[in-house]
Amino acid sequence: MTLSDITAAVAAAAQKAGRDPAGVRLIAVSKVQPLDRVEAVLSQGHRLFGENRVQEAAGKWPDFKARYDGVKLHLIGPLQSNKARQAMELFDAIHSLDRPKLAKALARLAQEDGHCPDLMIQVNTGEEPQKAGVLPGDADAFIAEARAMDLPVKGLMCIPPVDETPALHFALLAKIADRNGLSELSMGMSADFETAIAHGATCVRVGSAIFGERVPG
Ligand SMILES: *Cc1c(COP(=O)(O)O)cnc(C)c1O
């Protein structure tokens, strides 16, 4: 697969769902990929990328951003509060807001800087103990709490359990977003982005289908 195959598949899935393809953003997940593969996608004109570690992103993106105009970077992995400042400087959106302590750290920094990246709240739809995210039953309260801190909460994000039908998780995330008046849904990866689009995804996070299998680091 190539970038243009995936871009076409995203648009086709949107059309099939009766949606405007412009309403689905493709985040190319470049974590752990060799730099030449990332550069190849940049030179094809793609500008929206996702990384799941602050440190790794800090190592490669300042240089790419200096060389390519209009790059947007989204953090899709867990964020420690002590890396919040660095994350706010590097990323245009953070998809992994998942606890009050992090919300407080971001709110404090946003006040100091007068700016905050767009935020998505991660929901642990499968209620998996090892996975980040607020539990579905706690989501409404946490969304309200983050909004009360004036944080720019735009939507929700989930990573379904690997061994379950993703559609049920996407539908649950869409339902929680809908009842809270949130318009962005970050859901869908290489294996299931078409299903996610059918359930209303506005951002799909696709790595290996664009770049090839990740080469261990
Ligand atoms: C790695 C990663 C992806 C991309 O996964 P692929 O299966 O390679 O498409 C998407 N979302 C998150 C949160 C990830 O960590």
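Just so you know, residue 1 is the first one in the sequence shown, and it goes up from there. What you see is a predicted model; the values in this text were computed from it and never measured. When a ligand or atom number is given, it counts from 1 through the structure's own listing order.
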- Item | Cationic N near anionic O, under 4.0 Å, Glu184 to Arg25 | yes
- Could you tell me whether ligand 1 has any atom less than 4.0 Å away from a heavy atom of Arg214? yes
- Query: For atom 10 (C) of ligand 1, what is the nearest protein heavy atom, given as residue, atom name and distance?
  - Reply: Met189 SD, 3.2 Å
- Query: Salt bridge between Asp113 and Arg85, side-chain N to carboxylate O under 4.0 Å?
  - Reply: yes
- Message: I'd like to know if Lys131 and Glu128 make a salt bridge, using a cut-off of under 4.0 Å between side-chain N and carboxylate O.
- Response: yes
- Query: Is it true that Glu145 and Arg99 make a salt bridge, defined as a side-chain N closer than 4.0 Å to a carboxylate O?
  - Reply: no
- Message: Give me the nearest non-hydrogen protein atom to atom 12 (C) of ligand 1 as residue plus atom name, then the distance to 0.1 Å.
- Response: Ile76 CD1, 3.4 Å
- Note on the structure: For Ser208, the ligand 1 atoms with a heavy-atom partner under 4.0 Å come out as 6 (P), 7 (O), 8 (O), 9 (O)
- Item | Gly207: numbered ligand 1 atoms lying under 4.0 Å from its heavy atoms | 4 (C), 6 (P), 8 (O), 9 (O)
- Task: For Asn52, counting its heavy atoms only, list the atoms of ligand 1 lying under 4.0 Å from any of them.
- Result: 15 (O)
- Task: Heavy-atom contacts with Val206 under 4.0 Å: which atoms of ligand 1 show up? List them by number with element.
- Result: 9 (O)
- Task: Considering only non-hydrogen protein atoms, determine which one is nearest to atom 11 (N) of ligand 1 and report residue, atom name and distance to 0.1 Å.
- Result: Arg205 NE, 2.9 Å
- Task: May I ask you to list the atoms of ligand 1 that are less than 4.0 angstrom from any heavy atom of Ile159?
- Result: 13 (C)
- Polar proximity ligand 1 side, Ala209 side, N/O cut 3.5 Å exclusive: no
- Test item: side-chain donor near acceptor, Arg205 and Ser186, under 3.5 Å: yes
- Task: Could you tell me whether Lys16 and Glu194 have a side-chain N and a carboxylate O separated by less than 4.0 Å?
- Result: no
- protein heavy-atom neighbour closest to atom 1 (C) of ligand 1 works out as Lys31 NZ, 1.5 Å
- Closest non-hydrogen protein atom to atom 9 (O) of ligand 1, residue and atom name please, with distance? Ser190 OG, 2.5 Å
- Verify side-chain contact (heavy atoms from CB on, under 4.5 Å) between Leu26 and Ile210, making sure each step is shown before the conclusion. CA-CA 10 Å; Leu26 173 61; Ile210 294 174; 4.1 Å; yes
- Item | Beyond-backbone contact of Leu182 with Met120, side-chain heavy atoms, under 4.5 angstrom | no
